Number of protein chains: 2
Amino acid sequence: MMASRRQEVLTAALDLLEEVGIDDLTVRRLAQRLGVQPGALYRHYPSKRALLDAMVGHIVAGAPAPAVPAGDWAGHLRAMAASGREGMLAHRDGARLLATFYDPGPDAVASFMRIVEVLRAAGAAERAAVVATDTVLAYVNGFTMEEQARRAATPRPERDRDFQAGLDLIIAGIGATLPPAP
Amino acid sequence: MMASRRQEVLTAALDLLEEVGIDDLTVRRLAQRLGVQPGALYRHYPSKRALLDAMVGHIVAGAPAPAVPAGDWAGHLRAMAASGREGMLAHRDGARLLATFYDPGPDAVASFMRIVEVLRAAGAAERAAVVATDTVLAYVNGFTMEEQARRAATPRPERDRDFQAGLDLIIAGIGATLPPAP
DNA sequence: ACCTGAACACCGTTCAAGT
DNA sequence: ACCTGAACACCGTTCAAGT
């Protein structure tokens, strides 16, 4: 209720993405689904690009970071990794969409810096903390991109296991540079 | 000399990619550059997709793996990582092109398995070796994708340093699971 | 505020016909 | 073997005009 027309257009676009994939996500098709002429959409979004940006914003906002004990840097890293991957897998072509149109907003930057702070609190130098966070992010994006691009459907539990195994490798590497926990 | 017409079309497409980027790489623009009608290109490639696949094939073939001492598993990993990144950075939108159209051929599979063998020889179990190789690949693709997408141009030496630092983290994690060298 | 109608400058692709 | 000419079914975007 009280959904603005702009919101309805966004919702319809997300539904259409699920149905036809990003390559066939077309302004004209979207207009048809809304029962409207193509040009009418430009009253709500100034360009297709702006609409795709809004879709990406909706996708990243929909992946909430779960609560993690304050001192648990590895847990924070794992939570960030899992929620990033989950957000992409939740939508058809999610990884490609993010990779092409993601422009990190203020809250993405904030969540990045929160991880860096957690690592700093665990004893990492500033640059080491940034490198570690960037590395996990690159891994998540690279892994999920390939995972979603692959047509041959490896069973989900197996993919989860492989994702976790690679992440553990990186976390072990980070842990080796940190002072031992008390 | 003795370049087939097919080859000339491919070369022109690679040049055009450099000039206009993948979003404006158009069959019609390519035809214009070759002084020919758009439909004529379909005598040489059955579809735009097939042409893009050929471009990707040319890009990955042009990144030769340098020779590395047989026992140096970390060196092998580093060489694979560097040549993968280099191949993508060598072309405008290279990472996006690879991510969207790369279908690993037999020699890509062979080079993957060579790394796995090197890790096995260093004492890794089969699955651990596969996970390690996959993890490095995911990192390389994720890092380079973001690196090339970023409009704000961080200086190249700095990007190299960051790439290396993240890779070292992963390699440290892998090393921790391996038996100590003699 | 929202949409229509109609256009503009493009796309990828097919195919008979020419040389 | 390679290309032309011409079409087909599409694109994203703009904009006066309608309600």
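A note on names: the letters A, B, ... follow the listed sequences, proteins ahead of strands, and every chain is numbered from 1. Predicted model only: the values in this text are computed from it and were never measured.
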Enquirer: Can you check the B:L34 CG to D:dC3 P distance for me, whole Å?
Expert: 8 Å
Enquirer: Whole angstrom is fine here: how far is it from CG in A:L41 over to P in C:dA1?
Expert: 18 Å
Enquirer: Taking salt bridge (charged side-chain N to carboxylate O under 4.0 Å, His left out) as the definition, give me every residue that meets it alongside B:R28, ordered by chain and number, with sequence neighbours left out.
Expert: none
Enquirer: Would B:D23 and B:R96 count as a salt bridge (Lys or Arg N to Asp or Glu O under 4.0 Å) if you check the C-alpha gap in whole Å, the side-chain angles of each, and the deciding distance to 0.1 Å?
Expert: CA-CA 10 Å; B:D23 287 328; B:R96 245 172 84 201; 2.7 Å; yes
Enquirer: Between D:dC8 and C:dC10, how far apart are the two C1' atoms, rounded to whole Å?
Expert: 15 Å
Enquirer: Enumerate, in order of first residue number, the stems that involve DNA chain D, defined as 3 or more consecutive Watson-Crick or G-U wobble pairs with both distances under 3.5 Å.
Expert: C:4-8 with D:12-16, C:12-16 with D:4-8
Enquirer: Please report, to 0.1 Å, the donor-acceptor pairs under 3.5 Å made by any side chain of residues 64-71 of chain B, with sequence neighbours excluded.
Expert:
none

Enquirer: I want to verify a distance call: between D:dA7, C:dC3, D:dC3, whose nearest atom is closest to the B:R28 side chain?
Expert: D:dA7
Enquirer: My understanding is that only residues two or more places apart in sequence, or in another chain, count here; which of them pass ring pair (Phe, Tyr, Trp, His ring centres under 6.0 Å) with A:F163?
Expert: A:Y139, A:F143
Enquirer: Under the side-chain contact (heavy atoms from CB on, under 4.5 Å) test, which residues partner A:R161, sequence neighbours left out?
Expert: A:E158, B:R127
Enquirer: Are the charged groups of A:E117 and A:R120 less than 4.0 angstrom apart, N to O?
Expert: no
Enquirer: In whole angstroms, how far is the P atom of C:dC11 from the CD atom of B:Q32?
Expert: 9 Å
Enquirer: Mind checking what makes side-chain contact (heavy atoms from CB on, under 4.5 Å) contact with B:D24, not counting sequence neighbours?
Expert: B:V20, B:R29
Enquirer: Just how far, in rounded Å, is P of C:dG12 from CG of A:D23?
Expert: 13 Å
Enquirer: Given atom CZ of A:R29 and atom C1' of D:dA9, what is their separation to the nearest angstrom?
Expert: 12 Å
Enquirer: B:D24 CG to C:dA9 C1': how many Å, rounded?
Expert: 14 Å
Enquirer: From the options D:dG12, C:dC3, C:dT13, select the nucleotide whose nearest atom is closest to the side chain of B:Y42.
Expert: C:dT13
Enquirer: Can you list every side chain to side chain donor-acceptor pair (under 3.5 Å) pair that touches residues 62-91 of chain B, not counting sequence neighbours?
Expert: B:R78-B:D168, B:R85-B:E147, B:R85-B:D160, B:E86-B:R156
Enquirer: Apply side-chain contact (heavy atoms from CB on, under 4.5 Å) to A:A12 and list each qualifying residue two or more places apart in sequence or on a separate chain.
Expert: A:L30, A:R33, A:L34
Enquirer: List in chain and number order the residues that pass salt bridge (charged side-chain N to carboxylate O under 4.0 Å, His left out) with A:R92, two or more places apart in sequence or in another chain; answer none if no residue qualifies.
Expert: none
Enquirer: Quick one, which residues of residues 92-100 of chain B touch DNA chain D with a heavy atom under 4.0 Å?
Expert: none
Enquirer: Looking at D:dT4, C:dT13, D:dC11, which one has an atom nearest to any side-chain atom of B:P38?
Expert: C:dT13
Enquirer: Under the rule for side-chain contact (heavy atoms from CB on, under 4.5 Å), what residues qualify as partners of A:Y42, not counting sequence neighbours?
Expert: A:V27
Enquirer: Whole-Å distance between C:dC2 P and A:R6 CZ?
Expert: 11 Å
Enquirer: Could you check A:L98, A:L14, A:L16 and say which one makes a side chain to side chain contact (heavy atoms under 4.5 Å, CB included) with A:M55?
Expert: A:L14
Enquirer: Which parts of residues 44-56 of chain A get close to DNA chain C, meaning a heavy atom less than 4.0 angstrom away?
Expert: A:H44
Enquirer: Quick check for you: among C:dC2, D:dG5, C:dG5, whose closest atom lies nearest to any side-chain atom of B:Q37?
Expert: D:dG5
Enquirer: How many Å lie between CZ on B:R43 and P on C:dT13, as a whole number?
Expert: 16 Å
